[in-house]
There are 2 protein chains.
Amino acid sequence: MAEQRKAPERKSSDERRDEIVRATLRLVAIKGFAGVTLREVATEVGVVHGLIRHYFSTRDDLVAAAFDFAVTSELSSDRAMLDGLDPVAALAGWLASTPEDHYRVWIDAWSEAGRTPALAAALDRHHRDCERILTAVIERVVDAGLGASANPAADSRLLTAVADGVAVQHHGIAAIGVTEANDIVFGVAERQLGLAPGTLARANPAPARGQWAEGAALLAR
Amino acid sequence: MAEQRKAPERKSSDERRDEIVRATLRLVAIKGFAGVTLREVATEVGVVHGLIRHYFSTRDDLVAAAFDFAVTSELSSDRAMLDGLDPVAALAGWLASTPEDHYRVWIDAWSEAGRTPALAAALDRHHRDCERILTAVIERVVDAGLGASANPAADSRLLTAVADGVAVQHHGIAAIGVTEANDIVFGVAERQLGLAPGTLARANPAPARGQWAEGAALLAR
DNA sequence: TCTGGTGTTATACAACTGGACAATAACGCT
DNA sequence: AGCGTTATTGTCCAGTTGTATAACACCAGA
């Protein structure tokens, strides 16, 4: 019997790799790092699961790459946004609530990092990036004479913690709404940096929208 | 060939059920809610995996019961501790850093709740409990004339968020040590409630020790 | 002594997993 | 046109998973 083989839609290596990483991230945003399956990723991409192994030697490599891509792209777009804003608006924009699917990935990374070394390394790296970015934003506010900070790096860690905790209450538990979430973070930041109450809420630019989980079947699993 | 059957160590229903829940929690603290396996739980208890089903009709029921037990026992011992302390010490004790294995379970619950309805229900319930307890502690501080709060419930949500975020930075990412973790939470609380700086650090009672993950093989998986 | 409930074991099973690999088809280069 | 490279496929594998079920051991009560 003649071999009846579908003609493969051949793509360049980088293109396909990117496609796989994006599909993985989409699934991670829904089912978590521990829940993604090579076969599901392959189906999402539209290829056979054996092909995944051609690009990523192991499953952990794949999910770590997905997280790396998530944060890298998130931060690069954030940096672009921050550059176009005045210091106070940049601070508000950075501290304001993040799209749900983005924070889902972060929360999942926190819990999974203890068991996946590759993920822990990426998490550590990107967490420091975030702290540095916020430190720079704080310094811009201070340099412009709009606020005060005895230790911008320490204040950055403090505000990062507050933003993370608020995001958990908002996205993970739905204990607070987006308004109260922003109120809390803005309030602490204003008190910590000596800004007038309400400054950050007024300066807050339009929020970014999530995108990772949009195309996938949300009710899967 | 004669049947060689080990004589079963028969226990009462409640006893065995409790044993299973505790073993599950021990494993959850190490491998996460998504990582526990009925067979591992059974091995940890020393029974056959089929027996688990005799007590919990489904896997999700089991892990939800484990989380429920975790928080219930944690809160009951916390309540006992708080009752014996003066208001400021109680506030410091509640806000101070929590044992690592305890927070691991919380972080994991945050990320897994989106996919396990039973877990989401338990998480929601216990989160509200925590908020109520902290609200009561804040009210005790205010009633004693030691601090001020325009809205104890809102301040409770704020401080819960800060404590959670700091715990993530401390336990999940190891970005800050226990000293800075407490400094941040205490500092925000003192500013928010009008306490003199350093009040909470001085009043902080001895920290509680973790216990859930102590007996299990830490390098498993 | 029979009977029924219950704690417990043993075993089965169908689904799914990550990984491995040979075969094949398209591509890039000369 | 020929040839080496590689993207892609289909298939296999050994293992693990949650769930199911039958059988056994023990005990209380009729």
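Each chain gets a letter, A, B and so on, in the order the sequences are listed, and its residues count up from 1.
In this structure, Arg79(A) has no salt bridge (Lys or Arg N to Asp or Glu O under 4.0 Å) partners at least two apart in sequence or on a different chain. Take Arg16(A) and apply the side-chain hydrogen bond (donor to acceptor under 3.5 Å, both in side chains) test, not counting sequence neighbours, and it matches Glu19(A). Residues passing the salt bridge (Lys or Arg N to Asp or Glu O under 4.0 Å) test with Asp164(B): none are found, sequence neighbours excluded. Annotation: salt bridge (Lys or Arg N to Asp or Glu O under 4.0 Å) contacts of Arg17(A) (sequence neighbours excluded): none. Residues satisfying the side-chain hydrogen bond (donor to acceptor under 3.5 Å, both in side chains) criterion with Asp60(A), sequence neighbours excluded, are absent altogether.
For the pair Tyr55(A) OH and dT8(D) C1', the computed distance is 8 Å after rounding to whole Å. Look at CD1 on Ile52(B): it is 15 Å from C1' on dA10(C), rounded to the nearest Å. Across the protein-nucleic acid pair, Arg16(A) atom CZ and dT9(D) atom C1' stand 12 Å apart, rounded to whole Å. What separates CG of Leu27(A) from P of dG18(C) is a distance of 12 Å, to the nearest Å. Between the CG atom of Asp18(A) and the P atom of dA7(D) there is a distance of 15 Å, given to the nearest Å. Per the geometry, CG belonging to Leu51(A) stands 15 Å off P belonging to dG18(C), to the nearest Å.
In summary, Arg22(B) and Asp18(B) engage in a salt bridge, as defined by a charged side-chain N under 4.0 Å from a carboxylate O.
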Under 3.5 Å, which N/O atoms of the protein pair with N/O atoms of nucleotides 17-19 of chain D?
from, atom 1, to, atom 2, distance (Å)
dT17(D), OP1, Thr37(B), OG1, 3.0
dT17(D), O5', Thr37(B), OG1, 3.4
dG18(D), OP2, Leu38(B), N, 3.1
dG18(D), N7, Arg39(B), NH1, 2.7
dG18(D), O6, Arg39(B), NH2, 2.8
dT19(D), OP1, Thr58(B), OG1, 2.9
dT19(D), OP2, Arg59(B), N, 3.2
dT19(D), O4, His49(B), NE2, 2.7

Within the sub-3.5 Å range, which N or O atoms of nucleotides 4-6 of chain D have a protein N or O partner, and how far apart are they?
from, atom 1, to, atom 2, distance (Å)
dT6(D), O2, Arg10(A), NH2, 3.0

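Here Val48(B) lies in heavy-atom contact (under 4.0 Å) with a base.
Within the structure, side-chain hydrogen bond (donor to acceptor under 3.5 Å, both in side chains) pairs that include any residue of residues 130-141 of chain A comprise His127(A)-Glu131(A), Asp129(A)-Arg132(A), Thr135(A)-Ser156(A) (at least two apart or interchain).
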Name every donor-acceptor pair, under 3.5 Å, that has one atom in a side chain of residues 180-187 of chain A and the other anywhere in the protein, sequence neighbours excluded.
from, atom 1, to, atom 2, distance (Å)
Glu180(A), OE1, Arg157(B), NE, 3.3
Glu180(A), OE2, Arg157(B), NE, 2.6
Glu180(A), OE2, Arg157(B), NH2, 3.2
Asn182(A), OD1, Ser97(A), N, 3.0

